[in-house]
Chemist: 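Shown below is the structure under consideration.
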Amino acid sequence: MQLPVDICVFLLSLVAPAVLYTMNNVIKQPVMVLTLGAAVLYIIPYVMSFLVLHLLALQHWENIDPLFYVLAVFSFTCLVGLTNALEQDGYISGYMGFYLKKGEPHLSAAYAVMMNYWEGVLHFLLFLIIIHRMFRGKSYRSLALFWAGSSIAHQIVFIPGVVIGKYGSNIHPAFWRNTPFLLLPVWGAILLFSRERELPIIPADKIAVAQKRSLLYRPVDLILSLLLLGAMAFSVFRGIVALDCPLDTCFTYIYQYEPYLKDPVVFPRITMLVYLFYALPLLAAFIYGLRNPGCTWMLDWAIFFAGAIAQTQWCHIGGSLHSRTPFTYRVPTDKWLTVMILNGVYVAVPILLAIRCRLSPTFFMPSVPEGQTSPEKKDN
């Protein structure tokens with residue numbers, strides 16, 4: 001009996017907790033933590049996915065998307081992360097103790113715990129759905145772009161945060177296993193963006209009519225543009241707050257609203273700098289794309305960006321509320337609602353933009369040449 005590929009990946013991923021428990025109770029040397037950690041996180045799942053999946057599920061498939069093998073390996077590591085998160089929150093024990101002590105002690109930080117929940121739940125489900133659609137001949141480009149944006153964003157916060165934060169003086173060899181977690185999503189994003197985009201078939205006259213309407217006559221796009229401007233302002237403000245701006249407004253915000261930005265783990269501060277230097281230009285580009293017709297790149301980049309902001313905001317908001325964050329750095333009780341609204345709107349704007357681009361892409365289709373929709377042209 002031939003098993004579905006997504007079911008095979010799910011079953012293989014369930015091996016991860018058992019392997020972690022064995023490692024935690026057997027390995028006693030940091031170098032061995034790195035060696036066996038690399039084997040567990042990369043070699044074992046790759047070999048298992050290559051051999052077992054080909055025997056059980058892929059024997060009749062040809063021209064398999066190379067992205068499948070990345071997703072299969074990452075599916076295995078997702079449950080490694082989820083195991084860590086559950087142990088840090090006290091739901092299980094005996095799986096990660098020694099690895100955290102001699103491998104990656106930074107995984108006990110609140111930010112890392114929230115990151116592991118994101119990977120272990122959302123990414124894992126996302127991988128299974130992508131693999132399912134991949135081998136059913138259905139489109140998975142948007143889901144894969146969301147994953148790529150999410151993975152890249154969390155690594156460009158996580159890796160620098162470990163190096164320059166309070167854990168920087170306690171880095172063990174096992175930390176460098178995170179390098180492929182940055183490089184492979186970047187490769188995946190390049191692969192996805194380089195492929196020809198499948199555009200919906202829309203009549204030329206409908207495209208012409210939609211693209212002649214100014215922003216003032218497109219209320220949804222107008223509201224999104226205003227929200228994007230607000231997100232830009234919030235990105236700049238929190239960016240300069242993270243850079244220790246001496247203005248009274250910045251001082252008040254960091255001490256009375258988001259003291260988490262002062263947490264010595266520096267993950268939240270790195271997040272704000274990523275928003276300032278990377279999210280800000282993209283937000284401006286999206287406003288341009290909503291104003292000028294024919295920006296087909298919006299269809300992919302809006303989804304990629306939504307994944308990036310959703311992941312970083314999940315970790316930032318969750319970390320600022322988590323019990324593993326010292327009380328003095330958590331969101332003050334009397335400002336909780338304000339901070340949650342600000343952060344909630346910030347993450348909602350890119351998601352709403354991605355939904356708008358997905359549901360109604362007419363305005364972003366390649367512009368119709370002058371006269372293309374004339375009656376004479378149609379008759380010909």
Side-chain angles (χ1 to χ4, degrees), residues 1-19 37-83 115-116 118-155 177-198 299-301 303-304 306-308 310-311 354 358:
M1 179 179 177
Q2 189 175 14
L3 294 177
V5 182
D6 48 322
I7 298 299
C8 290
V9 172
F10 174 76
L11 294 175
L12 289 175
S13 301
L14 295 180
V15 179
V19 175
V40 169
L41 297 176
Y42 306 120
I43 300 175
I44 292 176
Y46 180 81
V47 172
M48 291 173 69
S49 63
F50 185 81
L51 295 178
V52 178
L53 294 181
H54 269 274
L55 291 174
L56 296 180
L58 305 182
Q59 49 190 327
H60 300 299
W61 289 95
E62 297 179 358
N63 301 322
I64 299 172
D65 189 335
L67 190 62
F68 160 73
Y69 295 104
V70 175
L71 299 183
V73 172
F74 277 30
S75 297
F76 190 88
T77 60
C78 280
L79 290 193
V80 174
L82 182 60
T83 302
M115 178 187 74
N116 287 156
W118 181 271
E119 289 182 339
V121 179
L122 189 137
H123 274 187
F124 186 60
L125 294 176
L126 201 59
F127 293 155
L128 295 180
I129 295 172
I130 292 173
I131 292 171
H132 176 82
R133 295 183 66 86
M134 184 182 293
F135 290 95
R136 292 296 183 275
K138 299 179 180 180
S139 175
Y140 53 89
R141 182 190 184 93
S142 297
L143 294 173
L145 283 171
F146 187 91
W147 158 74
S150 172
S151 294
I152 293 172
H154 102 247
Q155 288 298 335
R177 73 167 184 84
N178 290 288
T179 304
F181 285 104
L182 173 61
L183 298 180
L184 289 175
V186 170
W187 169 81
I190 294 173
L191 183 68
L192 292 165
F193 279 117
S194 63
R195 292 175 179 174
E196 186 176 355
R197 185 183 297 107
E198 297 179 2
L299 303 178
D300 283 346
W301 278 97
I303 297 173
F304 179 87
Q311 196 281 336
R358 179 72 178 178

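From a predicted model like this one, the values you see are computed outputs, not experimental measurements.
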Chemist: Which side-chain N or O atoms in residues 124-131 pair as donor and acceptor under 3.5 Å with protein atoms at least two apart or in another chain?
Modeler:
none

Chemist: Please enumerate all residues that pass side-chain hydrogen bond (donor to acceptor under 3.5 Å, both in side chains) together with Gln311, with sequence neighbours excluded.
Modeler: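 Checked Gln311 against side-chain hydrogen bond (donor to acceptor under 3.5 Å, both in side chains); zero matches.
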Chemist: Quick one: which residue pairs count as a salt bridge (charged side-chain N to carboxylate O under 4.0 Å, His left out) with a foot in residues 71-81, not counting sequence neighbours?
Modeler: none
Chemist: The criterion is side chain to side chain contact (heavy atoms under 4.5 Å, CB included); which residues satisfy it with Ala354, sequence neighbours excluded?
Modeler: Ala302, Ile303, Ala306
Chemist: How about Leu67 and Trp187: do any of their side-chain heavy atoms sit closer than 4.5 Å?
Modeler: yes
Chemist: Who are the salt bridge (charged side-chain N to carboxylate O under 4.0 Å, His left out) partners of Arg358, not counting sequence neighbours?
Modeler: none
Chemist: Do Ser151 and Phe181 have side chains that get closer than 4.5 Å, going by heavy atoms?
Modeler: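 No; the side chains remain at least 4.5 Å from each other.
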Chemist: Taking the six-membered ring for Trp, are Phe193 and Trp301 parallel (under 30°), tilted (30 to 60°) or perpendicular (over 60°)?
Modeler: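 Parallel, since the angle between the ring planes stays under 30°.
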Chemist: What pairs with Ser194 under side chain to side chain contact (heavy atoms under 4.5 Å, CB included), at least two apart in sequence or on another chain?
Modeler: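 Ser194 satisfies side chain to side chain contact (heavy atoms under 4.5 Å, CB included) with no other residue.
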Chemist: Pair Asp300, Arg141 - check side-chain contact (heavy atoms from CB on, under 4.5 Å), show working.
Modeler: CA-CA 9 Å; Asp300 283 346; Arg141 182 190 184 93; 2.6 Å; yes
Chemist: Mind checking side chain to side chain contact (heavy atoms under 4.5 Å, CB included) for Leu182 and listing every partner two or more places apart, or none if nothing turns up?
Modeler: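 Expected list: Gln155, Ile156, Ile159, Val186.
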Chemist: Only counting residues at least two apart or in another chain, list the ones meeting salt bridge (charged side-chain N to carboxylate O under 4.0 Å, His left out) with Asp65.
Modeler: Arg195
Chemist: To check you understand the geometry: which heavy-atom pair defines the closest contact between Pro185 and Phe74, and what is its length?
Modeler: CG-CE2, 3.9 Å
Chemist: As an exercise, state the distance from CD1 of Ile152 to CG of Leu183, rounded to the nearest 0.5 Å.
Modeler: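 If we round to the nearest 0.5 Å, Ile152:CD1 and Leu183:CG are 10.0 Å apart.
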Chemist: Rounded at 0.5 Å granularity, tell me how far CZ in Phe304 sits from CH2 in Trp147.
Modeler: 10.0 Å
Chemist: Excluding sequence neighbours, so at least two apart, what forms side-chain hydrogen bond (donor to acceptor under 3.5 Å, both in side chains) with Trp118?
Modeler: His123, Ser150
